[in-house]
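Structure first, then comments.
This is a predicted model, so every value here is computed, not measured. For the numbers below, each heavy atom of this structure counts, side chains included, while hydrogens, waters and symmetry mates do not.
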Amino acid sequence: MYFSGEIVISSFFEALFANLVSPDTLHFATEKQVQKELNKLETVLRTVHAVLADAEEKQLKDQHVKMWLSKLRDLAFDVDDILDEFATEALRNKLKKDKQAHRSKVRKIIHSFTASFGPNAFLFRYKMMNKIKAISSRLDDLITRKNELQLRELDVGRPKRVIERPPTSSLVNEALVYGREYDKNVVIDLLLMDGDTDVQVSVVPIVGIGGIGKTTLAQLVYNDNKVQDLFAVKAWVCVSEDFNIVRITKSILQSVTCDASCNDLNDLNLLQVKLKEKLSKKKFLLVLDDIWNMSYNDWTILRSPFEVGDSRSKILVTTRNQNVSSVMKTVPDYSLKELSNDDCLFILAQHSIGAKDFSGHLDLKELGEQIVKKCKGLPLAAKTIGGLLRTSVDPDAWKVVLENEIWNSSEEQSGIIPALRLSYYHLPQHLKQCFSYCSIIRKDYEFGEEEVVLLWMAEGMLQQVNTKRLQIEKLGSMYFQDLVSRSFFQRSSRNKSQFMMHDLINDLARSVAGDICFRLKGDEKILSCARYSYFIGSRYNGFKRFHTFGDAEHLRTFMSFMLPNEGDCYLSNSVLIDLLPRLRCLRVLSLEGYYITKLPDSIGDLTHIRYLNFSYTKIKSLPESICTLFNLQTLLLRGCDRLKHLGSDLRLLANLQRLDITDANSIEGMPFGIGELIDLQSVSNFVLGQGVGYQIRELKNLSDLKGQLSISGLEHLVNAQDATEAMLFSKFSLDDLELKWTADVKGDLQNAGVEKEVLSLLQSHKKLKKLSIKCYGGQTFPNWIGDCSLKNLMFLEFEHCHKCISLPALGQLPFLKALYVKGMDYVNKIGVEFYGENCSNAFPALEILRFEEMPQLKEWNTYQADEKTGNFNCLRDLSVKKCPKLLGSLPSYLPCLEKLVIHDCQLLEVSVPKHSRLYEIEIVGCKRVRHDGSFDLCSIKKATLSNITWFSCLKGLMLGLSQTEFIRVGGCRELPSLCHNGAGWLARSSFLRNLEILNCSQLVSMGISIGEQKEEHCEKLEKLSATMYNLTSLRELEIVKCPKLLSFSHDNLPLKLKGLVVKNCDNLKCLLDEDGMNISRRSLLSHLIIERCHSLASLSSAGDLPVKLQHLKIWSCPKLAYLSSSGYLPVGLKHLWTDTCQMLESIADSVHNKTCLESIFIARCEKIQYLPDGLDKLSHLQQLHIECFRNLVSVSRLPSTGLRVLHLSWCRKLQALPNGLHCLTYLQELEISNCPCLLTFPEEGFPTNLTSLTISKPEILEGLIHWGFHKLTSLKRLAIYGGYSDGVMFPHEGNGMMLPCSVRKLAISDFPNVETLSSKGFQNLPFLECLSIVKLPKLKCLPGRDMLMSLLELYIHDCPLLKESCRRD
């Protein structure tokens, strides 16, 4: 039995019946014939509705019934569209009548009559009458077919007994996992193992089928305490189906740096260089979760930055594809097996009856045991079925689940686990419809509850299931949480406010939606029955991609999803201008994130639209036609930073409930009449424009506002009494209030008084949870702020209130958890007024306290004479920054403190709080730090101490850091030594894993037993202590700017060192001074980087490189004459990189045929004339880059297997290409540029499997044309730079120059004589997406537009005539 696209329309019919008898429909159905047809339609629809339960059950077996349901569903959607047209026309006429309300009563009566019986109404009814008749004819055919299929009316009700869940089961712990302890320990052991010496970073794959718990196991391992202790850097990246190297690299970099600035980077080289810098010498754990497909070439590119890390670093991979693991793994797969039936039984009990077992319900135990057998060991299946049976103790209900025939459907037939299909089958009808719609959500997308509820609402899926009236969004929230409780949605592990669908659940949604949901992918054609569609946006989205939507006139949802870190994405204007007007039935339109600058007026033709999302686009204004979208409920313009104006008649959007203009900071004001939108429930920012501050009065009638509200531009409020009209005190559904003045407004004392009065009159209701006040210009705060009657206030923020001279009384707010104070320039004391009437027991719930940018603050009276005062008893996070005049001390008794941050408080003496739980301290720029030693600091794991005036005062503190894992010391000029300073604190730091010493100019000697060590700007450092030889834990060593360092001897280089980086050591002459001892043979050094060591003459006094060396990089060492005096490279060397070594004559005389070299990069080594012999024997060589060789004459034969990339550029004496170039059958990327003596094209030609080709010599180009450009059938990227001398046309039509039709990217540059781009030549490029034209001074025009139909990106530079031509066009 094939199970796909179950058709569920029962709940949809309920909405249809409600609309058929709605006042809006009846208003325009006064004509007898229309009434007659509508009554007939309702009668027949009710007849059909009576047999829907039978049809929906039989469709699983009978394809004829399913086809009948499919046609009925199409008809139901069309009926809904017709009824919506009636309702829309009624609303349109009502608004017109209201607009003319100033006319006389007689004229209003006449207008009402003409609206109902005038010529326009007559034409409308005539059109609708024809549509209704067509519907009735189709319905008659369905009735006939219904009888033939013998569909009958069923009583589907079934009594059920339920019990209340035990109190502990109402909050299910998602982290509670059964049966995976063994798996977890095995994987952790794999991560603890020393890596293979032949590989730099170990890859541990977890392999198993979907839903078996690979991601869950990875999460357990990732968050285990032992793993937390092991790795200095951790990152988690979800890869999913789209293996985009740039996106994945960007995600890893963001996870490592927590820096969103790399969002704008799309250059893979820059991203990988940055990532390489961040991972260099670090011991890291990277989880690559849910990889579906990947080639070996993709993996070699992606892994490049990882190979500079600590060799003990690990990559944990989860995949269901063993081919993926075979490409990546360095250890055998860990195949995750199914759970035992006992473990599945525990899961089933937990999620069904809220208990650990069935001891309290023995009559269900046997049934449960049989059910878990059919779960096939998949924890997700057991959890989902448990959600289905939750609170049910009726054995008959359990038998129905066990015996249902859906179990019998095979996975091969549907691709969905039967247990999950069964869970869907038992959903209530209204939830089936909502869940099926979620098939439009792409995999791995994190969504919020509100986001999904608004979409359901727009599609009319939120219908009342009983007579009790509920707000429609509240009903949607109930639906959503019901699906959460049934495990169809799961909370995101990264953001607890977001949700996700497991891949299998996502597959389930797609399966049950069937053809009604269409995903735009490739050349697939949309079916006429499709109503919902989505696509995943790419960098460039041309109109050609959307051609299949041309006939999708009944589409209701058109939605785009962006992949994370995609950067600016562009959408063809033709989609907006030509396509969207055809989709007249749309309810949902989302084009979030595209570089759209203008919306067409035709947007107003989408009369059915309920949901518009143009967030994060570049639009500057909304077209006035948007104000005719009378059905619009949700308008999302978040992050539209160029948007200045909303529609002037926005008040006509009578159904608008949500307006989100968060971070649309250019909006100049709200449109007049917005207060008439009485159904409005959310306005993210109410902007008061210049000169119209009184418009705040329009908030008065918006009594249903809820959630978050920001009021900005309050400086424009001239009459303070206008603030009273906002009536914020009566808007009890508001949880979050932000009051904001413009930051750059500077007023005098009179303005300060006005602003205080305004703030006083904007008093909120007493149940507010979050309050932010920004750029307020008053000197003091009104009494309502800090009033203990604000008992629900949990978050309070004061930002850039520059004129305030004191803080309000906040200490008695009973539930305040977070307090942020920033930019109060005139507050000089925090005293008794801050704590309220009772200075003791103040701030009883406060967890986060931050003071920043308070330049005049001198005193903070903490009122903590003893521990009994009880102030700040719950404080976890204390931060004081940029308070340069602050004296005295901080609170001394903070029993819950976990993090202490002090920055730029130069006069402050910091005392470490007693009896705290400090985990992290960060003290930068203070006078001194005190710790009397009377209590230990064993809880501190991370400590940063920098720019402390009296470093000697730290000895007591440092002695207490015996269990700290990370220490950074910087800017401490008094520090002479780390091991002989009298305190001996590092000798006690047995847990220390990472130490950074920065800008300690007096430091002379070092000797530390740690895992990673870094010294920078230590100008007096002459030697490493001899004790370092025995530092067996030391794996990475980096030395930067130590000008007195001459060499490393055998007694001060750690024996097991694997990574050594030396930079800017100007007097270093010999790296390894072996002094008669051949330490190269004993050294485990695998990574060696040397940069800007201008005196370096040799790498080893004995002449040999370390035998274990795998990565060697040397840059800007102008006196280095050779790499190895023996003329040989280590056999295990994989990557060789040399640049700007002017005296280097050779990298080696020859290379052994067993050498493991994979990549060679050599540049600006002017004395090298020949490459070493034996390159053609290097079977592992994949990349060879030769750049800027002044004396290189020839390149020997290259390996015919394996080599994928060959670059030869700026080799001025190179006379011939390598012999046998055409035999390099694996070569994909070839660049030959700026080699002036290269005059001949190889007679045999180029390898025909090239995918990328760059050339810049006319002789090479001419030879290539003569040989046959068209033979390069796999070529996707072609760049031709300079030297095109074949006339004024490119490609020349007369010389047989036919570019390969496979080319997608074409770049041409420096063609001085070309005037025309041949239309015929471009006609042969049907897949051309990117065209770059640079320095064609005589080029006048582009090929015809019909020749560039597939073009997505066009770049033109330094083409003056073409620029003028484009300007005229």
- Message: Taking Arg638's backbone N and O only, do any of them form a donor-acceptor pair with Thr662's side chain (distance below 3.5 Å, no angle check)?
- Response: no
- Query: Is the backbone of Val924 close enough, under 3.5 Å, to the side chain of Ser946 for a donor and an acceptor to pair up by distance?
  - Reply: no
- Would the Phe851 and Tyr820 ring centres measure less than 6.0 Å apart? no
- Asn828 side chain to Lys858 backbone, donor-acceptor under 3.5 Å: no
- Message: side chain to side chain contact (heavy atoms under 4.5 Å, CB included), that's the test. Do Glu909 and Cys926 meet it? Break it down for me.
- Response: CA-CA 7 Å; Glu909 297 187 3; Cys926 74; over 6 Å; no
- Query: Is the side chain of Asn871 donor-acceptor paired with the backbone N or O of Asn841 at a distance under 3.5 Å, no angle test?
  - Reply: yes
- Message: With heavy-atom distances below 4.5 Å as the criterion, would you say the side chains of Thr862 and Leu890 are in contact?
- Response: no
- Message: Atom NZ of residue position Lys769 - does it have more than 12 heavy atoms of other residues, nucleotides or ligands inside 6.0 Å?
- Response: no
- Message: Looking at Glu757 and Glu755, would you say the former's side chain and the latter's main chain have a donor-acceptor pair under 3.5 Å?
- Response: no
- Query: Under 6.0 Å from the NZ atom of Lys767, do we count more than 12 heavy atoms belonging to anything else shown?
  - Reply: no
- Note on the structure: Looking only at heavy atoms, the pair that brings Cys883 and Leu857 closest together is SG-CD2, 4.3 Å
- Item | Donor-acceptor contact below 3.5 Å, side chain Ser760 vs main chain Lys756 | no
- Item | Modelled atom types, side-chain donor and acceptor of Glu797 and Ser772, under 3.5 Å | yes
- Message: Consider side-chain hydrogen bond (donor to acceptor under 3.5 Å, both in side chains). Of Lys882, Glu852, Lys881, Glu922, which one does His903 pass it with?
- Response: Glu922
- Query: How far apart are the C-alpha atoms of Lys941 and Glu920, what are their side-chain angles, what is the distance that settles it, and do they pass the salt bridge (Lys or Arg N to Asp or Glu O under 4.0 Å) test?
  - Reply: CA-CA 6 Å; Lys941 302 300 180 185; Glu920 178 180 355; over 6 Å; no
- N/O donor-acceptor pair under 3.5 Å between Arg491 side chain and Lys496 backbone: yes
- Query: Checking side chain to side chain contact (heavy atoms under 4.5 Å, CB included) for the pair Leu709/Asp736: CA distance, chi angles, key distance, verdict?
  - Reply: CA-CA 6 Å; Leu709 171 65; Asp736 181 349; over 6 Å; no
- So, Glu449 and Ser477: side-chain donor and acceptor under 3.5 Å apart, yes or no? yes
- Atom OH of Tyr826: over 12 foreign heavy atoms under 6.0 Å: no
- Quick one: pull up SG in Cys804 and CD1 in Ile773 and give me the separation to the nearest 0.5 Å. 8.5 Å
- Note on the structure: Of all heavy-atom pairs linking Ala809 and Gly836, the shortest is CB-CA, 4.0 Å
- So CG of Leu796 and CG of Leu807: to nearest 0.5 Å the spacing works out to 9.5 Å
- Quick one: does Asp224's side chain have a donor or acceptor within less than 3.5 Å of a partner on Leu220's backbone? no
- Message: Do Gln856 and Lys885 pair up side chain to side chain, a donor and an acceptor below 3.5 Å, judged on atom types alone?
- Response: yes
- Message: Given 3.5 Å as the limit, does a donor-acceptor pair link the side chain of Glu715 with the main chain of Thr742, or not?
- Response: yes
- What is the distance from atom CD1 of Ile948 to atom CG of Leu945, rounded to the nearest 0.5 Å? 4.5 Å
- Using a strict cut-off of less than 4.0 Å between a Lys/Arg side-chain nitrogen and an Asp/Glu carboxylate oxygen, indicate whether Glu473 and Lys706 qualify as a salt bridge. yes
- Query: Do His765 and Phe732 have ring centroids that are under 6.0 Å from one another?
  - Reply: yes
- Parallel, tilted or perpendicular for Phe872 and Tyr835, by the 30°/60° rule? perpendicular
- dist Phe798:CZ -> Leu819:CG (nearest 0.5 Å) comes out at 7.0 Å
- Task: Please examine the side chains of His800 and Glu853, heavy atoms only from C-beta on, and report whether any two atoms are closer than 4.5 Å.
- Result: yes
- Parallel, tilted or perpendicular: which describes the rings of Trp236 and Tyr222, with under 30° parallel and over 60° perpendicular? perpendicular
- Note on the structure: Value for SG (Cys905) from NZ (Lys927), rounded to nearest 0.5 Å, stands at 13.5 Å
- Taking atom types as modelled and ignoring hydrogens, do the side chains of Ser492 and Glu446 form a donor-acceptor contact shorter than 3.5 angstrom? yes
- Message: To the closest 0.5 Å, what do you measure between CG (Leu897) and CG (Asn873)?
- Response: 12.0 Å
- Hey, mind stepping through Trp741 and Leu759 against side chain to side chain contact (heavy atoms under 4.5 Å, CB included) and telling me if it holds? CA-CA 11 Å; Trp741 287 256; Leu759 185 57; 4.1 Å; yes
- Do any N or O atoms from the side chain of Glu799 and from the backbone of Lys822 form a donor-acceptor pair under 3.5 angstrom? no
